[in-house]
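In what follows, a structure is listed as structure tokens, so that the remarks can point back to it.
Count residues from 1 along the sequence. Scope of the values below: all heavy atoms of this structure, side chains included, with no hydrogens, waters or symmetry mates.
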Amino acid sequence: MDDMDDPTQGADICRVCRSEGSPERPLFHPCICTGSIKYIHQECLVQWMRYSRKEYCELCSYRFSFTPIYAPDMPRRLPIKDVAAGITSSILTGVKYWLHFTLVGLAWLCVVPFTACRIYRSLFNGSFDAVISLPLDMWSSKNISGDIFHGSFVVTCTLFAFIGLIWLREQILHGGGPDWLERDEPVPPVVINNQNDQQPQAGNVLLPQVPDDHIVEEVDGEIRQENGNQVDEGHWNPIDWGDRAAEDLTWERLLGLDGSLVFLEHVFWVVSMNALFILVFAFCPYQMGNLAITAMALQDKVAASHFEGLVTTLCGYCLIGMCLLIMHTFATIIGFRRSKRIIGLSYIVVKVSLLSVVEIGVLPLVCGWWLDICSLSMFDTSFKDRLASFRLAPGTSMFIHWLVGMVYVYYFASFVLLLREVVRPGVLWFLRNLNDPDFSPIQELIQQGMLQHGRRLIASAMIFGTAVFLVVWLPIRIVKFVWPTFLPYNVTLHSDSVNELSMELLLLQVVLPALLEQTHTRNWLKMCIRIWCEVVSYLLGIKSYLLGDGEEPAPVVAPIHPPAADLGAAHEGLLRRGGPVGFRPYSRPTNFAIRLIALLILVAVSVVVTSLSVITVPVFLGRVVMSFWPALLQTNPEHSELPNIHELYTAACGTYICWLSVRAVCFVVGWLPEGRTVVINRLKFWLKIGSKAMVAFIVLLGIIPFLFGLLLELVMVVPFRVPLHQTPVLWAWQDWALGVLYMKIACAITLMGPDWSLRRAIERTYRDGFMRLDLKLMMQDLALPVIAVLSLFLAVPYAIAYSMVPLVVKTHTTRLLIARRIYPTLMLMMIIVKGMMMQVRQFKRLYEHIKNDKYLVGRRLVNYNHSSSVMGQN
């Protein structure tokens with residue numbers, strides 16, 4: 001090595017071990033670093049790289065490089081025999097892994113769902129012969145794909161049920177059970193002298209001084225000692241489900257991705273657990289519910305619900321809960337402690353499951369149906385039409401109404417959280433505070449009784465129903481009375497409109513995300529609520545009650561008034577009973593109850609007026625603006641009425657107009673007090689930002705999506721959907737809207753892919769945003785390369801088909817065939833060429849791998865050549 005001849009080498013030391021170089025262990029300078037950290041031993045660097053898992057210097061970020069050292073007898077070219085042996089070994093290894101992963105996929109994705117579906121069907125077939133013939137049905141080849149699909153749903157349900165049981169177990173372990181479950185579980189104190197051997201004083205109980213891993217407990221006169229993980233088997237706690245894991249398993253070993261066949265045992269246990277869960281949590285409740293429904297002669301009413309199985313199973317769970325409650329009462333009277341605890345835990349599982357179904361499933365579904373019923377006249381439909389659509393597709397109808405109800409409940413809760421930020425703590429005493437750190441819905445389901453949950457559910461349903469009545473039904477009645485021609489909304493989907501799908505995608509991909517991501521809307525709504533509260537509190541004289549006195553909450557309990565005073569005492573009592581809820585004392589004026597009634601009336605009137613504005617103003621503005629859109633006008637020029645436009649689009653257009661208007665007013669109001677010069681400078685700044693944003697918007701969301709959508713239209717849609725004897729019609733609007741969706745998918749795939757120039761350009765553009773957008777860099781690195789590639793893909797095949805092919809081919813049919821098929825053909829050829837290039841690179845890597853396995857004896861660190869780097873820079 002040249003550096004070993006340097007006379008100054010003896011003064012240099014390794015940056016890691018601080019030792020000098022030697023002929024056996026020379027020093028290298030593998031990076032740009034200079035000075036005392038320039039040199040390093042190869043062994044030290046390899047050890048550091050193995051420890052840090054980095055292939056570059058942490059200081060100068062220069063990547064280290066190694067040159068391979070081969071055996072002296074290595075031939076210049078590998079023999080065909082060695083290459084064939086290496087390729088054969090690689091193929092056999094690939095086939096082995098392919099067979100193993102195919103077996104894993106068939107086991108988990110086919111066998112488990114298939115067996116679950118067959119077991120479920122045989123149990124719910126209603127005959128004993130089906131259960132006896134289950135082993136034969138397992139080998140039946142009839143409707144395998146359908147059974148696998150339905151079995152996936154069954155396996156998903158059993159998996160969620162198992163996860164729910166584990167989660168409930170953790171909640172009971174950490175939060176404890178209800179009082180009635182722990183009431184008769186006495187734990188007598190263990191009195192142990194302290195370290196000074198002092199006698200315990202009368203009335204005092206000394207806790208045992210034992211290590212954390214050594215617990216002594218006395219139950220029923222016997223001592224159970226737990227030391228580490230060793231527990232006396234004489235006492236079994238039914239809450240300790242699964243505490244003793246037999247083996248620490250990774251996901252790779254559990255699923256079989258580690259190459260072993262141990263996963264077959266796991267598949268067997270999963271199939272067995274599925275059968276057990278289906279039997280215990282589905283079949284038994286269904287049979288008990290069926291007996292109860294038959295005894296009460298309610299078969300016809302249950303069948304009319306179109307969800308006979310679900311309703312029957314829920315009835316069975318209700319019957320099981322009642323039976324468990326009765327059994328727990330008898331076990332308490334007789335004195336069977338262990339049986340009483342097991343029955344009590346089972347009752348908690350049933351109760352939490354039923355209440356979860358009611359709160360997550362039934363309550364949003366009722367809200368969705370109530371919203372639909374109150375808004376029937378808005379869409380010019382009737383209740384009979386809704387019933388007809390429900391009978392036609394009951395599952396779809398129920399899911400849509402449940403989804404609408406869930407969205408309504410979510411936004412109602414968000415609005416309540418916004419109200420709590422404005423009003424005095426304690427005003428909304430009748431609504432649960434979701435931001436309370438002590439609030440735990442699962443603990444409430446466990447701790448509280450069914451009567452409390454029933455009252456709370458009824459109160460929630462009344463509040464939600466009243467809000468829907470004020471927000472939807474009453475404003476619609478007023479609009480139909482005052483402005484009869486405004487309603488109903490046009491929500492008919494025209495199948496003959498080619499732009500319908502494009503408008504749907506435009507709304508979902510561009511309009512709504514850009515509008516919903518604005519944080520200013522929440523601030524404006526909060527400001528409006530505060531202004532309304534200040535005006536109402538001034539008019540009614542209840543500012544102390546509604547907004548507080550402007551002081552921080554004091555830890556002083558509000559004075560208790562006589563029961564006949566007014567509603568303030570009820571507020572305070574409920575707040576104390578409800579736990580740690582924030583409460584701020586307030587002063588009450590005279591006639592406080594009348595003022596509260598007036599407050600409720602003003603709230604109702606304000607809600608109705610606001611809802612009227614939301615229903616009418618955006619849609620009216622959207623209709624006016626879209627009436628000037630020539631592309632949406634009807635084809636008959638003599639028809640002077642407004643074209644049929646989906647009201648979802650007019651509402652979105654009007655909402656954007658309102659939002660932009662309010663934003664502009666806020667900007668102007670905020671700038672006017674600062675003077676004319678500041679306003680002009682800010683207008684220039686925002687004009688510059690707006691111009692750059694407009695250019696970026698036109699390029700990124702206009703030109704590129706249009707070219708992308710047009711290319712995919714010519715490559716995939718036209719060759720397969722348009723016959724040769726017909727002329728394809730390209731709709732620019734639809735191609736652009738579809739291109740927006742395709743572009744978002746392509747960007748997501750690019751960001752998830754390897755690191756290259758396009759990904760870095762997309763990440764930089766997204767990170768900079770419109771405020772710090774470097775338009776030149778964005779156009780140079782992102783827009784122009786993408787536009788150039790897409791334009792070449794569009795122009796080159798067109799030029800070949802319509803300029804070169806007619807010079808060679810004279811038949812019109814052949815020229816037409818080539819013109820139609822040239823885009824997919826060239827795309828397929830490019831894919832094949834790219835695949836061949838990838839295979840060539842893979843073969844080169846395989847060749848290097850074979851050569852390294854047989855002839856590589858070591859690697860030598862390569863020094864960084866400073867002189868060549870400087871010459872290259874010059």
Side-chain angles (χ1 to χ4, degrees), residues 96-169 241-242 245-290 307-314 316-317 320 346 349-350 353 357 395 399:
K96 174 185 175 182
Y97 280 105
W98 181 81
L99 291 175
H100 179 78
F101 289 125
T102 301
L103 180 62
V104 170
L106 289 175
W108 290 112
L109 300 179
C110 296
V111 175
V112 173
F114 178 76
T115 54
C117 181
R118 293 294 173 92
I119 293 172
Y120 181 86
R121 184 176 299 167
S122 63
L123 288 177
F124 284 88
N125 196 18
S127 62
F128 185 73
D129 296 336
V131 180
I132 298 299
S133 61
L134 177 61
L136 298 178
D137 293 338
M138 288 293 181
W139 300 100
S140 177
S141 60
K142 183 179 179 181
N143 196 19
I144 294 179
S145 59
D147 290 346
I148 292 175
F149 177 76
H150 291 91
S152 301
F153 179 74
V154 175
V155 172
T156 304
C157 293
T158 57
L159 180 63
F160 277 111
F162 182 76
I163 294 175
L165 287 176
I166 298 299
W167 187 34
L168 182 60
R169 166 188 175 268
W241 306 326
E247 185 180 4
D248 293 333
L249 295 176
T250 60
W251 284 106
E252 289 79 7
R253 186 171 181 82
L254 179 65
L255 299 177
L257 301 179
D258 59 344
S260 64
L261 297 178
V262 183
F263 76 96
L264 295 176
E265 180 182 354
H266 304 152
V267 170
F268 170 77
W269 283 112
V270 169
V271 171
S272 303
M273 290 297 295
N274 279 331
L276 181 62
F277 267 75
I278 293 171
L279 180 64
V280 174
F281 293 98
F283 180 73
C284 292
Y286 176 80
Q287 293 298 329
M288 294 190 68
N290 194 14
F307 295 93
E308 183 178 359
L310 180 61
V311 175
T312 304
T313 304
L314 291 178
Y317 271 106
I320 290 174
S346 303
V349 172
V350 174
S353 303
V357 170
F399 175 75

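Across all non-hydrogen atoms, the minimal contact from V112 to T115 is O-OG1, 3.0 Å. The two residues S152 and T156 make their nearest non-hydrogen contact at O-OG1, 2.7 Å. Nearest heavy atom pair, residue W108 against residue L255, reads NE1-O, 3.0 Å. Considering all non-hydrogen atoms of both residues, N143 and R118 come closest at O-NH2, 4.4 Å. Of all heavy-atom pairs spanning G151 and A116, the tightest one is O-CB, 4.4 Å. Scanning all heavy atoms of the two residues, the minimum distance from V267 to A107 falls at CG2-CB, 3.9 Å.
For the pair I278/V154, a side-chain contact is recorded, criterion being any heavy-atom separation below 4.5 Å from C-beta on. You'll find the side chain of F268 stays beyond 4.5 Å of the side chain of L264, heavy atoms only. Looking at heavy atoms from C-beta onward, F101 lies in side-chain contact with L257 at the 4.5 angstrom threshold. Looking at S353 and V349, their side chains come closer than 4.5 Å, going by heavy atoms from C-beta outward. Side-chain contact check for L103 versus L261: some heavy-atom pair is nearer than 4.5 Å. The closest side-chain heavy-atom distance from L165 to F277 is below 4.5 Å. Two residues are said to be in side-chain contact when any heavy atoms from C-beta on lie closer than 4.5 Å; N274 and I119 fail this criterion.
H150 NE2: 12 or fewer foreign heavy atoms inside a 6.0 Å radius.
The salt bridge (charged side-chain N to carboxylate O under 4.0 Å, His left out) pairs that include a residue from residues 267-286 number zero, where partners must be two or more places apart or lie in different chains.
In this structure, the separation between CD on Q287 and CG on L279 is 10.0 Å, given to the nearest 0.5 Å. Here SG of C117 is found 11.5 Å from CZ of F153. Values are rounded to the nearest 0.5 Å. Remark: T313 OG1 to M288 CE distance equals 12.0 Å, nearest 0.5 Å. From L276, atom CG reaches atom CZ of F162 across 10.5 Å, with rounding to the nearest 0.5 Å.
Side chain of Y317 to main chain of F281: a donor-acceptor pair is present (N/O by atom type, distance under 3.5 Å, no hydrogens or angles).
For the pairing with T102, the side-chain contact (heavy atoms from CB on, under 4.5 Å) check across L106, V104, L99 returns one residue only, L106.
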